[in-house]
Number of protein chains: 2
Amino acid sequence: MEAFRAKGYEGTSVQDLVAATGVGRGSLYAAFGSKEGLYLAAMDRYREKHALPLIGILRAGAPARELIREVLLGTVDVIAQDGSRRACLIVGAAMERISHDPTVAAHVRATTTSLEDALYEVIVEARSKGELPAGRSPRDLARYLIATLHGLRVLGAINPDRASLTAVAEVALDALG
Amino acid sequence: MEAFRAKGYEGTSVQDLVAATGVGRGSLYAAFGSKEGLYLAAMDRYREKHALPLIGILRAGAPARELIREVLLGTVDVIAQDGSRRACLIVGAAMERISHDPTVAAHVRATTTSLEDALYEVIVEARSKGELPAGRSPRDLARYLIATLHGLRVLGAINPDRASLTAVAEVALDALG
DNA sequence: CATTATCTGGAACGAGGAGTCAACAAAGCC
DNA sequence: GGCTTTGTTGACTCCTCGTTCCAGATAATG
């Protein structure tokens, strides 16, 4: 997973993967079938380690704006720690692989959709409690927040400066109304 | 440029570039020195064709919010027309190449910075005319809009649906205050 | 402990990668 | 129109790619 994050799919050779895992070539193929299989497994692991925790935050039940701020700032944190050395596997896959590999496309869509749905539910509930003003549709707001997360990833790859990224996240929250 | 947009840097072979340009291998090397040289030239061309027109819009002198809306919706337009077949060269470079190639990093930063500066100036001027309320710093707002543009590109790669993208762009405008 | 079944990892394969080069064609110059 | 210069070409080299395979190590079983 780390190898793919650092070099992308095409840029990572099987030799790189052997070195990164410490596992022999044949074993890798026995376990995953192909380079693509290993890539898909890496995406699953990425989802577990990075997307599911965000969804967990959203299910914690605090005021919506705080939950969403936590998700955005948590992402800023991860980006600022990594520097630009390791990209987001999902955004990387979206840019590099999605038009060539339907299976990768399905994984990317599944991961982003699950996060989008969690955001959607938080927003709907907050609206019903009057925590957030009525305005844009919850679905559009959820998608907007997904776009913001992706935007932060790209911005962070270009310039992983914590202060800038934090400021951008705060501005993004203003759009919730 | 189109070849790199469709397949990324590592995914595009020199043979692909020969086919895409109709120019022989040797000539390509004589003109650009290396695959990387051709990539940098493609980035320059991408900047001319896609970033400079956006800057041109921002210098047109209309009300700030209208100019910024035009930039966002214009980007949505490009994405919706392309589908996800051709990615943004800048975002692709940011994800795939920026940590491995300082020259590419410089090109990416130069392109995004010039757009960010144009946004910044529009915002500062609008503030001075009272078109936009005081609030977040103009620099943060400009960076936020850059992040939004990147977010739209990634969102569009995953799901190039014009209606969703347009809605996201409209939500993003709300953050201007 | 012997035997079987499973797993490991480096050598080997064909394919295709980036980059080079000498022969050839086109264009510019007197 | 020769002569030089510049540009083009595609076959060629060497290398690395993803994948396969098999001899040997390891683990499991009775």
Side-chain angles (χ1 to χ4, degrees), chain A residues 1-47 85-108, chain B residues 1-46 48 85-87 89-90 92-108:
Chain A
M1 185 179 82
E2 298 305 332
F4 282 128
R5 287 183 64 188
K7 299 195 176 187
Y9 180 78
E10 295 281 2
T12 303
S13 68
V14 174
Q15 192 54 46
D16 292 335
L17 297 167
V18 167
T21 57
V23 172
R25 259 177 138 71
S27 308
L28 238 42
Y29 274 89
F32 300 103
S34 66
K35 184 183 172 184
E36 193 207 328
L38 182 44
Y39 187 66
L40 293 171
M43 292 189 67
D44 284 340
R45 193 164 175 74
Y46 187 84
R47 181 182 178 179
R85 291 184 303 279
R86 295 184 306 165
C88 170
L89 204 55
I90 296 298
V91 175
M95 288 291 108
E96 189 188 355
R97 299 295 308 156
I98 212 167
S99 58
H100 305 293
D101 190 326
T103 314
V104 168
H107 277 243
V108 170
Chain B
M1 185 180 83
E2 299 304 333
F4 281 128
R5 287 182 66 188
K7 297 195 178 189
Y9 180 78
E10 296 282 0
T12 304
S13 70
V14 174
Q15 193 53 47
D16 291 335
L17 297 166
V18 168
T21 58
V23 173
R25 238 178 154 70
S27 308
L28 238 42
Y29 274 90
F32 299 102
S34 65
K35 183 183 172 183
E36 192 207 327
L38 182 45
Y39 187 65
L40 293 171
M43 291 189 68
D44 284 340
R45 193 164 175 74
Y46 187 84
E48 272 176 41
R85 291 183 303 278
R86 296 183 306 164
L89 205 54
I90 298 296
M95 288 290 108
E96 189 188 355
R97 300 294 309 157
I98 212 167
S99 58
H100 306 293
D101 191 326
T103 315
V104 167
H107 276 242
V108 169

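The sequence lines fix the lettering, A, B, ..., with proteins before strands; numbering per chain opens at 1.
For Asp16(A), the salt bridge (charged side-chain N to carboxylate O under 4.0 Å, His left out) partners at least two apart in sequence or on another chain are Lys7(A). Not counting sequence neighbours, the partners of Ala93(A) by the side-chain contact (heavy atoms from CB on, under 4.5 Å) test are Tyr39(A), Met43(A), Val104(A), Val108(A). Scanning for salt bridge (charged side-chain N to carboxylate O under 4.0 Å, His left out) contacts around Arg47(A) gives an empty result, with sequence neighbours left out. The side-chain contact (heavy atoms from CB on, under 4.5 Å) test applied to Ala105(A) returns Ile98(A), Arg109(A), not counting sequence neighbours. Scored by the salt bridge (charged side-chain N to carboxylate O under 4.0 Å, His left out) test, Glu2(B) finds Arg5(B), Arg86(B) as partners (sequence neighbours excluded). Scanning for side-chain contact (heavy atoms from CB on, under 4.5 Å) contacts around Ala6(A) gives an empty result, with sequence neighbours left out.
Near DNA chain C, defined here as any heavy-atom distance below 4.0 Å, there are no residues from residues 92-106 of chain B.
Taking atom NZ of Lys7(A) as the reference point, atom P of dT16(D) lies 12 Å away to the nearest angstrom. Atom CD of Glu10(B) and atom P of dT16(D) are 14 Å apart (whole Å). Remark: C1' of dG18(D) and CZ of Phe4(A) are 12 Å apart, rounded to the nearest angstrom.
To the nearest 0.5 Å, the span separating OH on Tyr46(B) from CD1 on Ile90(B) amounts to 7.0 Å.
Residue pairs meeting the side-chain hydrogen bond (donor to acceptor under 3.5 Å, both in side chains) criterion with at least one partner in residues 18-34 of chain A, sequence neighbours excluded, are Gln15(A)-Arg25(A). Within the structure, the side-chain hydrogen bond (donor to acceptor under 3.5 Å, both in side chains) test picks out the following pairs touching residues 94-105 of chain B (sequence neighbours left out): Glu10(B)-Arg97(B).
In this structure, Thr21(A) reaches neither bases nor backbone, as no heavy-atom distance under 4.0 Å exists between it and the strands shown.
A nucleotide of DNA chain C counts as in contact with chain A when one of its atoms lies under 4.0 Å from a heavy atom; the first and last such, 5' to 3', are dT8(C) to dA11(C).
Proximity of a side-chain donor or acceptor of Lys35(A) to a complementary backbone N or O of Leu17(A) within less than 3.5 Å is not detected.
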At a cut-off of 3.5 Å, list every protein nitrogen or oxygen paired with a nitrogen or oxygen from nucleotides 7-9 of chain D, distance to 0.1 Å.
unit_1 : atom_1 : unit_2   : atom_2 : d
dT9(D) : OP2    : Gly24(B) : N      : 2.9

